[in-house]
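Worksheet for the structure shown next.
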Amino acid sequence: MHSLPPLSIGEQSFSELRKSGFLYVDKTKYLVDLIDGGSAYFLSRPRRFGKTLTVSTLESIFKGETQLFNGLYAERWLKRSDFSAFPVIPLSFGSVSAAIGIDKMRTQLKTRLLAIAKDNNLSLHETDPSEMFFQLVNKMKLKYNKNVVILVDEYDHPMLEFINDKEKATDIRAEIQDFLSVIKGTYRDIEFTFITGITNFRNQGLNLVLDNLNDITLDKNYAAICGYTQEELDKYFCRYIESLGKKKSLCDEVINNRIVELYDGFSFDGDTHVYNPLTINSLFKKQRFANYWFGTATPTYIENYLLDKAKSPCDYIEYDVPYDVITSPQEIEDVSPAILLCQSGYLTLRTADDSDIFSIVYPNNEVANSILRLASNNLFKSADNIAAKKKSFVDFFSKGDVANIIREFNDLLSQDIYDSYAMMTGEPVNHACYNRDILSTFICSTSWIDVSKEVYGSHGRTDILAKLRLNGTEKIYVFELKMLKDGSTPEVTLAEAKSQIIRRKYTEAIFLYDRCCHSGLDCHRQGVTNHSAL
């Protein structure tokens, strides 16, 4: 068997990727379609999802670097008799920072513009960045006698550094708006424009200065322009799956099921599912199932944002929002937490056919565990032995050890985490919500367990619904939480909770498959009491 092509984890240059022989999943049909179908686009995708590689691939296409496209869809397109290369201005804001002031950001932009000018044997008069950008477009058009291609990557990076500081974010936004307005002012000299970011450009007011951009973020035709589809996984990674299966002594089907359970679920149109490229490459390169998202796609601004503004993370599960809310212009500092987390990749879209209502959900176990790790680290920072509790809880859950599950729950509720919860929610503690959120967050953060709260059925709603997915098996638990009333006993209250689950047919309303029954371990019915003594 031929050796497998090496997998890249950090390389974002298309040229280097191809020259070094790394595996490349061919996305060039999407790019050719963009070029043939228009002249100005915007694409929003989360961090580490392939935006920079997409921009780099477009750069190589427009420069006519045909040798890099051998065997790819774009090869024939580049070899057309009517194609000729274009001058390209590639600008990345990913390395531009305003953390130590706007003047420093201006200096970084000027340095980048001077470097591009030097690469093209041009000189620029050093003034402000916007004027230098204007000079560069005009001089490249004159030198090559062809319109210029503008590629801007991660336009919003400097603003996201100050997502919790509206005054600074506003100043930085104005600076970037002024800089990018050059594109509109020189549109007659521009052949093609492509801008990427994490947040929607309308949220930063760029639609006011770039009103001709076609936003393809939610376009079904480009839902898989970044990320790997299941079909691409089957086509390009079948030998890597086989290799991982041999190492783990597991068949390909079990490996595939595990990949789906852990990593599938990102969607940018509510329908098409894709895997995060960095996660999949890391999985097969390191040959280990692990959480690769947390360490690579969790920028500081998300951590600070969750601490500053976000409520309980369980509040974002099954969050319904109309299409026009997702796309409507809002300043990024004022956008809802669910929308920002969706744009950042921590939540993703689901929708029914022909519906303009999206559900915003966690895409998969890997990402849910990442965001809930952030939340639980803060929420349970004063709790004793929380890591050991999570491990024990998953073990009890998988064995159907209901008595120990309840014991762990009550022990958790007895710990002094009221202050952390109140700080997270920013509201006075409501004991019913407190119990529900504490338990839901704890369950979610253990990994392998999906959780929903206040799930509606035809006869009522259950407090917590939890599903364990481990090693190809599922166990489902329905929890009804009850406060112990004065004059009552735990035994009576538990009996009421169990009776309510059965009487209101929570399991029948929620699960429509035979495995969910009132007896046995596939569907556990439990009432959890809470009282002052615990």
Side-chain angles (χ1 to χ4, degrees), residues 7-10 45-50 198 226-228 230 233 237 240-241 244-245 247-248 250 254-267 273-307 310 313-314 316-317 341-348 361-381 385-395 397-398 440-451 466-472 474:
L7 296 169
S8 170
I9 292 178
R45 286 293 184 269
R47 283 171 56 88
R48 310 310 300 268
F49 231 95
I198 291 177
C226 296
Y228 301 151
Q230 185 62 51
L233 194 73
F237 292 92
Y240 297 90
I241 292 171
L244 182 59
K247 180 177 180 179
K248 303 264 182 204
L250 297 170
V254 172
I255 294 294
N256 272 311
N257 288 340
R258 188 82 179 274
I259 292 171
V260 170
E261 287 177 359
L262 269 177
Y263 306 125
D264 188 23
F266 289 100
S267 180
H273 284 206
V274 292
Y275 295 94
N276 175 263
L278 180 130
T279 289
I280 294 300
N281 287 2
S282 298
L283 164 67
F284 292 121
K285 187 177 182 71
K286 299 181 179 181
Q287 294 209 312
R288 179 173 179 266
F289 286 101
N291 188 326
Y292 297 106
W293 175 266
F294 185 81
T296 59
T298 308
T300 303
Y301 81 83
I302 283 290
E303 297 188 48
N304 294 337
Y305 182 84
L306 287 173
L307 291 174
C314 293
Y316 308 133
I317 299 175
L341 292 174
C342 187
Q343 294 175 350
S344 301
Y346 281 97
L347 298 172
T348 199
V361 300
Y362 291 120
N364 53 46
N365 283 341
E366 181 190 36
V367 177
N369 184 50
S370 294
I371 194 169
L372 289 161
R373 187 187 303 181
L374 287 175
S376 64
N377 286 348
N378 183 54
L379 185 58
F380 301 123
K381 60 187 175 184
N385 304 316
I386 195 66
K389 287 183 181 296
K390 292 179 182 181
K391 186 176 184 299
S392 297
F393 185 77
V394 173
D395 184 54
F397 221 103
S398 65
S440 297
T441 303
F442 177 73
I443 295 171
C444 283
S445 66
T446 58
S447 299
W448 304 110
I449 303 175
D450 297 332
V451 66
K467 181 192 294 185
L468 173 75
R469 297 189 296 176
L470 185 63
N471 297 328
E474 291 184 352

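What you see below is based on every heavy atom in this structure, not just the backbone, and it leaves out hydrogens, waters and symmetry mates.
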Under the side chain to side chain contact (heavy atoms under 4.5 Å, CB included) rule, what do F237 and N256 come out as? Steps first, then yes or no, please. CA-CA 11 Å; F237 292 92; N256 272 311; over 6 Å; no
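- Looking at residues two or more places apart in sequence or on another chain, you find a side chain to side chain donor-acceptor pair (under 3.5 Å) between D395 and K399.
- Y292 OH to N281 CG: the interatomic distance, rounded to the nearest 0.5 Å, is 11.0 Å.
- Among all heavy-atom pairs drawn from R48 and G10, the shortest one is NH2-CA, 4.2 Å.
- Within a 6.0 Å sphere centred on NZ of K248, other residues, nucleotides and ligands contribute more than 12 heavy atoms.
- What you find for G265 and H273 is that their closest heavy atoms are CA-ND1, 3.8 Å.
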Can you list the steps and then say if I9 with K286 is a side chain to side chain contact (heavy atoms under 4.5 Å, CB included)? CA-CA 10 Å; I9 292 178; K286 299 181 179 181; 4.2 Å; yes
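- Taking the six-membered ring where tryptophan is involved, the planes of F284 and Y240 are tilted, since the angle between them lies from 30° to 60°.
- Summarising the geometry of P277 relative to G227, their closest heavy-atom pair is CG-CA, 3.7 Å, with the distance given to 0.1 Å.
- Rounding to the nearest 0.5 Å places OG1 of T279 at 7.5 Å from CG of N291.
- Here the OG atom belonging to S8 is positioned 7.5 Å from the NZ atom belonging to K285, to the nearest 0.5 angstrom.
- Between L244 and L283, the closest side-chain pair of non-hydrogen atoms falls below 4.5 Å.
- Of the candidates I280, D264, N276, Y228 forms a side chain to side chain contact (heavy atoms under 4.5 Å, CB included) with just one, namely I280.
- Atom CD1 of residue I241 and atom CG of residue L250 lie 12.5 Å apart, to the nearest 0.5 angstrom.
- The ring-ring contact (aromatic ring centres under 6.0 Å, His included) test applied to F266 returns F49, W293, not counting sequence neighbours.
- Not counting sequence neighbours, Y263 has no partner by the side chain to side chain donor-acceptor pair (under 3.5 Å) test.
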Residues Q230, V260; criterion side chain to side chain contact (heavy atoms under 4.5 Å, CB included); working and verdict: CA-CA 9 Å; Q230 185 62 51; V260 170; 4.0 Å; yes
